[in-house]
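See below for the structure under consideration.
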Amino acid sequence: MSDLYARESRSVSKMAHLRFFPQAVVGGNGAYLTGDDGRQLLDFAASWGAASLGHSHPAVREAVNRALSDQSGASYLSTASEPCVLLAEKLLSLVPERARGRVWLGHSGSDANETVARMVVAATGRPRILAFSGAYHGGTVGSMAVSGHPAQQGTRAAGLTLVPYPNSYAAGSSEAAKNAALAHLERLFATDVPPEEVAAFFIEPIQSDGGMLVPPGGYFKAVEALCRKHGILLVSDEVKVGLGRSGRFNAFEHSGIEPDIVVFGKGLGGGLPISAVVGPEAIMNHAVAFSLQTVHGNPVCAAAALAVLQTIERDHLVENAGKIGSLLREALDRLAHRHSLIGDVRGRGLALGVELVADHPDRSPASRQTALTVYRAFQLGLVLYYVGVQSNVLEFTPPLTLTGAEALKGVAILDQALADVAAGQVDESLLADFAGW
């Protein structure tokens, strides 16, 4: 191991129970992170999408400085504050009419989804919840209980039923994937799961952690119709793929549906911890003090979130995500013609995935090569991570501020990383202390 990577390994060695490549950073600006060795790393992950405006964005800095200079408390428990009220008003204006009731503020997508899972069962009196196999709705006990990702070891909720997310690449076509997934849902309602017992269906408009899967056209319209028929609430988890990332403000807009409840997190705070649930008053206000923690509605985080939403609008970042996302997607498609490891390129806007396979006909996952590619890309100056139930999908969730030049530079680095892995030039022993999920 070179002095460079030995130094980076030491810098993270004190962090218990984590296994990853030796990425250690001391700063960042825009789409770049500064490594503790002084290297500038192009960031195609944005901390799993949390740094939605990139790093050290002036709008977030200014909002935080203003909020701290005359701080209106630290919580919205028992105290209304201007940042929270303004944020709530803004969020209500950004969701469909049927969800435009009340706003709950939390710390992360995990506590937001846990709150919704508890809330819908309590408010409707229905004991069951539907979610997707491969779904990741959070890392708390309650959010893991309604998730379906195999990497999570938490106990599933007794009333949870997991259904297949349509995978067009695995099924061979989008139509085949849609028909199979809908047929499964219809059989489920006809046999094992009485629909009148289902409180809510947690959907992912793009299944990010399950492999950056994009639903086939018409699939979620059919799901919405089934939910309306049976009085099932539709909950859209926008935590990673919402807030403009997909090229629409809400990712569910691509499917032409109107969820009853919308969950925001990650990029909402631009790097600060805040989440939000927006939903009907009858559901959100069904009980007093149902889900409260002391620094929920922290006015500093709320001020940052409001600045993020205003910046997305002012700087036309939804449009930028669509434009730069198309450029990035086209460049990745070109890579697919040159690298046999690439089986599929998919996604929307700046939420993209590249599935790596060891064999094209049977689509067998190239999980180890995926880990090596991520490691090699980091060595070459590009930060990205991998997702998927087989850990073989490169995930692209860069800042919404990404430029065309930065997009093409990142693809050029990835091109070299893939070539080096395919040529056997990346030592597999590097992965000894690097294990994702």
Side-chain angles (χ1 to χ4, degrees), residues 87-105 109 112-113 115-117 119-121 123-124 126 128-132 135 137 146 163 165-166 174 178 181-182 185-186 189 195-196 198-208 213-268 275-286 309 312-313 318-319 321-322 348-349 351:
L87 176 60
E89 290 175 345
K90 187 64 178 175
L91 288 169
L92 286 168
S93 74
L94 296 169
V95 300
E97 181 65 35
R98 66 185 307 118
R100 205 171 294 166
R102 291 289 184 269
V103 176
W104 172 95
L105 298 176
N113 279 316
T115 293
V116 175
M119 181 173 64
V120 294
V121 170
T124 66
R126 295 181 172 195
R128 295 178 180 268
I129 285 175
L130 295 180
F132 288 112
H137 293 299
V146 293
V163 300
Y165 198 100
S174 58
K178 179 179 74 172
L182 289 174
L185 199 54
E186 294 276 14
F189 283 161
E196 66 274 11
V198 179
F201 192 166
F202 277 67
I203 70 165
E204 300 157 290
I206 299 172
Q207 188 175 73
S208 51
L213 302 177
V214 177
Y219 172 72
F220 275 126
K221 286 293 288 185
V223 167
E224 180 184 42
L226 276 173
C227 288
R228 301 286 174 253
K229 176 181 176 181
H230 297 295
I232 298 169
L233 294 168
L234 201 59
V235 180
S236 184
D237 183 342
E238 299 274 325
V239 171
K240 187 186 282 188
V241 297
L243 301 175
R245 178 163 296 286
S246 70
R248 303 277 182 91
F249 184 82
N250 298 297
F252 64 75
E253 294 172 24
H254 291 279
S255 297
I257 61 173
E258 292 192 3
D260 299 279
I261 298 171
V262 184
V263 183
F264 298 107
K266 290 195 189 297
L268 180 60
S275 59
V277 177
V278 188
E281 183 173 356
I283 301 294
M284 304 289 285
N285 281 1
H286 84 282
L309 297 177
I312 289 172
E313 286 190 344
V318 177
E319 294 83 354
R348 285 176 168 148

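- Between L130 and F189, the closest side-chain pair of non-hydrogen atoms falls below 4.5 Å.
- With sequence neighbours left out, the ring-ring contact (aromatic ring centres under 6.0 Å, His included) criterion links F202 to H137.
- In terms of the side-chain hydrogen bond (donor to acceptor under 3.5 Å, both in side chains) criterion, K221 has no residue partners (sequence neighbours excluded).
- Here the shortest heavy-atom pairing between A199 and T124 reads CB-OG1, 3.3 Å.
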Checklist entry - After noting the C-alpha distance and the side-chain angles of I261 and W104, does the key distance pass the side chain to side chain contact (heavy atoms under 4.5 Å, CB included) rule? => result CA-CA 11 Å; I261 298 171; W104 172 95; over 6 Å; no

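- Looking at residues two or more places apart in sequence or on another chain, you find a ring-ring contact (aromatic ring centres under 6.0 Å, His included) between F132 and Y165, F201.
- With sequence neighbours excluded, no residue forms a ring-ring contact (aromatic ring centres under 6.0 Å, His included) with F252.
- Under the salt bridge (charged side-chain N to carboxylate O under 4.0 Å, His left out) criterion, R128 pairs with E197, not counting sequence neighbours.
- Taking CG of D237 as the reference point, atom CD1 of I206 lies at 11.5 Å (rounded to 0.5 Å).
- Between the side chain of N113 and the main chain of G109, a donor-acceptor pair closer than 3.5 Å is present.
- A donor-acceptor pair under 3.5 Å is absent between the side-chain atoms of Q207 and the main chain of E204, judged by distance alone.
- In this structure S208 satisfies the side-chain hydrogen bond (donor to acceptor under 3.5 Å, both in side chains) test with no other residue, sequence neighbours excluded.
- Looking only at distances, no side-chain donor or acceptor of R102 sits under 3.5 Å from a matching main-chain atom of M284.
- Looking at residues two or more places apart in sequence or on another chain, you find a salt bridge (charged side-chain N to carboxylate O under 4.0 Å, His left out) between K240 and D209, E395.
- For the pair I203 and I257, the minimum side-chain heavy-atom distance is below 4.5 Å.
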Report, one line per pair, each donor and acceptor closer than 3.5 Å where one atom sits in a side chain of residues 226-233; sequence neighbours left out.
| residue | atom | partner | partner atom | Å |
| --- | --- | --- | --- | --- |
| R228 | NH1 | D260 | OD2 | 3.0 |
| R228 | NH2 | E258 | O | 2.6 |

Item to check | Candidate pair V223 and L182, rule side chain to side chain contact (heavy atoms under 4.5 Å, CB included), full reasoning | outcome: CA-CA 8 Å; V223 167; L182 289 174; 4.2 Å; yes

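- The side-chain contact (heavy atoms from CB on, under 4.5 Å) search around E196 returns P194, not counting sequence neighbours.
- Of all heavy-atom pairs spanning A200 and V235, the tightest one is CB-CG2, 4.0 Å.
- Taking the side-chain contact (heavy atoms from CB on, under 4.5 Å) definition, one finds that A181 meets it with P166, Y219, sequence neighbours left out.
- Note: F220 CZ to H254 NE2 = 12.5 Å, rounded to the nearest 0.5 Å.
- Shown here are the salt bridge (charged side-chain N to carboxylate O under 4.0 Å, His left out) partners of R100, two or more places apart in sequence or in another chain: E97.
- With rounding to the nearest 0.5 Å, the separation of CD in E319 from CD in E313 is 9.5 Å.
- A 4.5 Å side-chain heavy-atom check between S255 and P215 finds at least one atom pair inside the cut-off.
- Side-chain atoms of N250 come within 3.5 Å of backbone N or O of L94 as a donor-acceptor pair.
- Between V318 and G244, the shortest heavy-atom distance links the atoms CG2-CA, 3.8 Å.
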Checklist entry - Could you walk me through whether L87 and L309 pass the side chain to side chain contact (heavy atoms under 4.5 Å, CB included) check? => result CA-CA 9 Å; L87 176 60; L309 297 177; 3.8 Å; yes

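- Checking side-chain atoms of E238 against main-chain N and O of A251 turns up a donor-acceptor pair under 3.5 Å.
- Looking at heavy atoms from C-beta onward, V241 lies in side-chain contact with P205 at the 4.5 angstrom threshold.
- In terms of the side-chain hydrogen bond (donor to acceptor under 3.5 Å, both in side chains) criterion, E89 has no residue partners (sequence neighbours excluded).
- For the residue pair A112 and S275, the shortest heavy atom distance occurs at CB-OG, 3.7 Å.
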